[in-house]
Structure formats: C-alpha cells, structure tokens
S.K.: 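Quick one: the structure is below, and I'll ask about it shortly.
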Amino acid sequence: DAGVTQSPTHLIKTRGQHVTLRCSPISGHKSVSWYQQVLGQGPQFIFQYYEKEERGRGNFPDRFSARQFPNYSSELNVNALLLGDSALYLCASSLGVGGFTDTQYFGPGTRLTVL
Amino acid sequence: DQQVKQNSPSLSVQEGRISILNCDYTNSMFDYFLWYKKYPAEGPTFLISISSIKDKNEDGRFTVFLNKSAKHLSLHIVPSQPGDSAVYFCAANQIRETSYDKVIFGPGTSLSVIP
C-alpha cells in the first residue's frame, strides 16, 4: 500500500517568491495535516484539513495557506518567502474520525531552502 | 518557552541493553502523550501513546511511563537493537481537542544503538 507522498522532495527558492507543496494521503484517509520542522526542533503544526474544511490552524502568519481537494490531496502555499521559512515541511494523513487520538502517518517531507 | 522538553539531544546505548529517553512538559493541561521515531529522509512514525489516566503503556519492546506529578514521561526500549537508531520525538496534547492544532513536539533525542 502506498504511504503518504509529498512533492517535490527538495526545493530552492529566493526571498519574496511563492511556493506550493503537495501531499497525497493514504487511500481512505480524509484528514491531512501540515507541519514545519526547523533544524534541531520538533515538527510544528501549521494546518489540518478534514473533508476539505479547515479543522485547525497553528500559529503561523497569513502568508501560509492550504487547501484540500475532493480526492483528499492537499496543497500548502507560502507567499513572500523569508529566510526563516527554510525547513522540512511534513504532511501527515489520518482517518480523521478520532480527532487527536487518530494515528497520523507522515510523508517523507519537502525540504525547502530559501536563499 | 518550550512546553515540551527533551533535554538529551543524543544518547548512545549498547545493543541488547535498555534505552531510556526522557521528556518533560510544563503545561499541566496536557493529558495525552505520544512518541514518534524518525529515520533520516523519512517522516516520523508513531510508536506509542499514553493518556493521563494511565501511568504505563506497553507495546512489545517499547514501554512509556508517565509521572503526572513530575510532569515527566519516559520511553524505555528493551532490548535495544541497531534498527532502533533514530531520532525520537515526544509530543503532547489535550485529549479534549478535536484536531492537532494544540499538539506540541519536543526537539527530539537522537538514539544510537551500537552493535
């Protein structure tokens, strides 16, 4: 069975540019969450979507946005990139029925470097 | 202000011995805790969880202990195997939450199991 897939694997952008990261959940999973992991820190929650609706939002500026499509895949968009946005962006999927106690399955991440 | 702390950035253990990874939290509202394991170039993988109504949860070689009065939890791996070499993240949340937006991850502990 395919796990959570993310694209691209790596990305290099310059300050001020825009980036779109993509995530495909495990088949049958309806919830997708996004996390940012800066080097030396644990993942930090950005967004959760369930059935195309935003279920949760972390403490990130409005430059960060996301959406979920009818096939449950998701995009994370970041506008006006800053050097501090350089990080590993992780996507996680879950069934979505059990709230926080649902097991999350993480993808391998997209490594974003902002120059 | 780190609400979830893992004060040992790294730990080395001999194969076959016990590995003990520690996690401390400051927010007394946390009542659900998880451990994730992360290999390089992969996303975190859920290992084991515990709610505050328990003080121990066991799954094979992995046992998590929770000391609510000390706001401390630990993950025991017995016996340790070379394949356990990875970064381990502790995470905490409030079980009444329906999303992951309050989840806090610790910075991780890198475990090396020496053959």
Side-chain angles (χ1 to χ4, degrees), chain A residues 2-6 9-10 21 23-26 30-51 53-60 64 66 68 87-111, chain B residues 1-10 21-25 29-54 57 59 73 75 86-110:
Chain A
V4 178
T5 58
Q6 293 186 241
T9 307
H10 296 88
L21 310 181
C23 172
S24 292
I26 291 171
K30 298 182 178 181
S31 174
V32 171
S33 299
W34 288 95
Y35 293 82
Q36 180 194 65
Q37 186 183 4
V38 173
L39 199 61
Q41 297 181 22
Q44 187 175 359
F45 175 86
I46 309 174
F47 286 109
Q48 182 188 3
Y49 276 77
Y50 175 68
E51 289 280 17
E53 298 286 329
E54 183 182 296
R55 179 177 267 187
R57 173 184 284 255
N59 188 23
F60 280 80
F64 288 77
Q68 186 177 33
L88 179 68
Y89 288 84
L90 294 162
C91 172
S93 77
S94 62
L95 287 170
V97 296
F100 176 69
T101 57
D102 265 353
T103 298
Q104 290 191 95
Y105 296 84
F106 284 83
T110 293
R111 172 71 62 186
Chain B
D1 176 26
Q2 273 190 324
Q3 296 188 58
V4 177
K5 303 175 186 179
Q6 294 177 256
N7 292 322
S8 298
S10 63
L21 296 97
N22 294 305
C23 178
D24 297 288
Y25 60 97
M29 299 295 290
F30 289 145
D31 53 10
Y32 193 76
F33 305 91
L34 308 94
W35 285 93
Y36 289 86
K37 176 171 74 173
K38 185 180 186 303
Y39 293 120
E42 295 184 14
T45 302
F46 169 76
L47 265 180
I48 193 167
S49 62
I50 188 167
S51 74
S52 60
I53 60 172
K54 293 184 172 183
N57 191 22
D59 184 1
L73 60 154
L75 175 68
V87 176
Y88 290 78
F89 293 101
C90 168
N93 199 7
Q94 299 174 43
I95 205 164
R96 64 179 173 80
E97 298 298 329
T98 57
S99 80
Y100 304 104
D101 61 353
K102 300 291 191 296
V103 69
I104 304 292
F105 280 79
T109 295
S110 178

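Remember, it's a predicted structure, so these values are computed and weren't measured experimentally. Chain A is the first sequence line, chain B the second, and so forth, proteins listed ahead of strands; every chain is numbered from 1.
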S.K.: Tell me, out of B:Gly106, B:Ala41, B:Pro44, B:Cys90, who's got the most heavy-atom pairs with chain A below 4.5 Å.
M.R.: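 When all of B:Gly106, B:Ala41, B:Pro44, B:Cys90 are compared, B:Pro44 has the most.
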
S.K.: So which of B:Phe89, B:Tyr39, B:Phe46, B:Phe105 has the biggest tally of heavy-atom pairs under 4.5 Å with chain A?
M.R.: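 Option with the top pair count is B:Phe105.
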
S.K.: Taking side chain as everything from C-beta outward and backbone as N, CA, C, O, which of these in A:Gln37 sits under 4.5 Å from a heavy atom of chain B? Side chain, backbone, both or neither.
M.R.: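 The answer is the side chain of A:Gln37.
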
S.K.: Quick one: of A:Gly42, A:Ser31, A:Pro43, who has the most non-hydrogen atom pairs under 4.5 Å with chain B?
M.R.: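 Ranked by contacts with chain B, first place is A:Pro43.
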
S.K.: Can you name the residues that form a side-chain hydrogen bond (donor to acceptor under 3.5 Å, both in side chains) with B:Asp31, not counting sequence neighbours?
M.R.: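 In terms of side-chain hydrogen bond (donor to acceptor under 3.5 Å, both in side chains), with neighbours along the sequence ignored, B:Asp31 is linked to no residue.
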
S.K.: Please check if the number of heavy atoms outside B:Tyr25 that lie under 6.0 Å from its OH is greater than 12.
M.R.: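 Buried by this count: over 12 neighbours within 6.0 Å.
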
S.K.: Please flag which part of A:Tyr35 lies under 4.5 Å from any non-hydrogen atom of chain B: side chain, backbone, both or neither.
M.R.: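 The side chain, not the backbone.
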
S.K.: Taking C-beta and beyond as the side chain, do A:Phe45 and B:Asn93 meet within less than 4.5 Å on heavy atoms?
M.R.: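 In short, these two side chains do not touch, never coming nearer than 4.5 Å.
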
S.K.: Identify which part of A:Leu88 has an atom lying under 4.5 Å from any heavy atom of chain B, answering side chain, backbone, both or neither.
M.R.: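 Answer is side chain: those atoms of A:Leu88 sit under 4.5 Å from chain B.
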
